[in-house]
Amino acid sequence: PTSLQSILENRAKNELPIISWENCTSTSFIVKLQHQDLLSLVPTLRTFFPYLIIIEDSTNSIKDRLKQDLMEALKNYETIS
């Protein structure tokens, strides 16, 4: 694996409640998380941008929250109008 991938993998395994891990390619993997309060993971998940893509979450709350946070950050830094 690449150095960056190893760093991300180690961080994810140490910081997130991972219940399954699947290597897809030499540069990507899919993880499944389980936690009673998934929104509490938002600050940690945010630190994995731009390497993180939420494929599915049961209520779309995390996906929506992270998208909203990203849009606000881009707006605040005048990247989008």
Side-chain angles (χ1 to χ4, degrees):
T2 65
S3 176
L4 178 59
Q5 182 184 6
S6 296
I7 291 168
L8 292 172
E9 183 175 342
N10 288 333
R11 277 194 56 223
K13 288 179 176 178
N14 287 325
E15 298 176 25
L16 296 168
I18 296 171
I19 60 172
S20 69
W21 187 278
E22 177 186 346
N23 287 322
C24 295
T25 69
S26 63
T27 58
S28 67
F29 39 87
I30 295 175
V31 296
K32 183 175 182 181
L33 308 175
Q34 186 171 14
H35 196 271
Q36 286 183 338
D37 181 12
L38 289 173
L39 284 176
S40 70
L41 298 177
V42 168
T44 303
L45 293 172
R46 198 181 296 129
T47 68
F48 285 90
F49 276 146
Y51 309 105
L52 171 75
I53 298 172
I54 305 290
I55 297 171
E56 177 185 338
D57 81 80
S58 59
T59 64
N60 284 328
S61 58
I62 291 179
K63 199 174 196 176
D64 292 344
R65 175 68 183 271
L66 288 172
K67 182 178 179 180
Q68 177 186 353
D69 288 354
L70 180 59
M71 295 303 286
E72 286 178 17
L74 292 172
K75 185 177 179 182
N76 288 336
Y77 289 102
E78 298 180 12
T79 303
I80 64 171
S81 49

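Only a predicted model underlies this, so the values are computations on that prediction, with no experimental measurement involved.
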How far does [atom1] of [X] sit from [atom2] of [Y], to the nearest 0.5 angstrom?
| X | Y | atom1 | atom2 | value |
| --- | --- | --- | --- | --- |
| Thr47 | Glu15 | OG1 | CD | 5.5 Å |
| Asn14 | Thr44 | CG | OG1 | 12.0 Å |
| Lys75 | Glu72 | NZ | CD | 8.5 Å |
| Asp69 | Ile62 | CG | CD1 | 11.5 Å |
| Leu45 | Leu16 | CG | CG | 5.5 Å |
| Lys13 | Glu9 | NZ | CD | 4.0 Å |

Treat each ILVMFWY residue as a node, draw an edge where side-chain heavy atoms are under 4.5 Å apart, and state whether [X] and [Y] are in one component.
| X | Y | answer |
| --- | --- | --- |
| Leu8 | Ile54 | yes |
| Ile53 | Val31 | no |
| Ile30 | Leu41 | no |

If you count heavy atoms of other groups shown closer than 6.0 angstrom to [atom1] of [X], is the number above 12?
| X | atom1 | value |
| --- | --- | --- |
| Lys32 | NZ | no |
| Glu56 | CD | no |
| Gln34 | CD | no |
| Phe49 | CZ | yes |

#### Entry: Close side-chain approach of Gln5 and Asn23, heavy atoms under 4.5 Å
yes
With distance as the sole test, does Asp57 use its side chain to make a donor-acceptor pair with the main-chain N or O of Ser61 at under 3.5 Å?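 Yes, the answer is positive, given that a donor and an acceptor are paired below the 3.5 Å cut-off.
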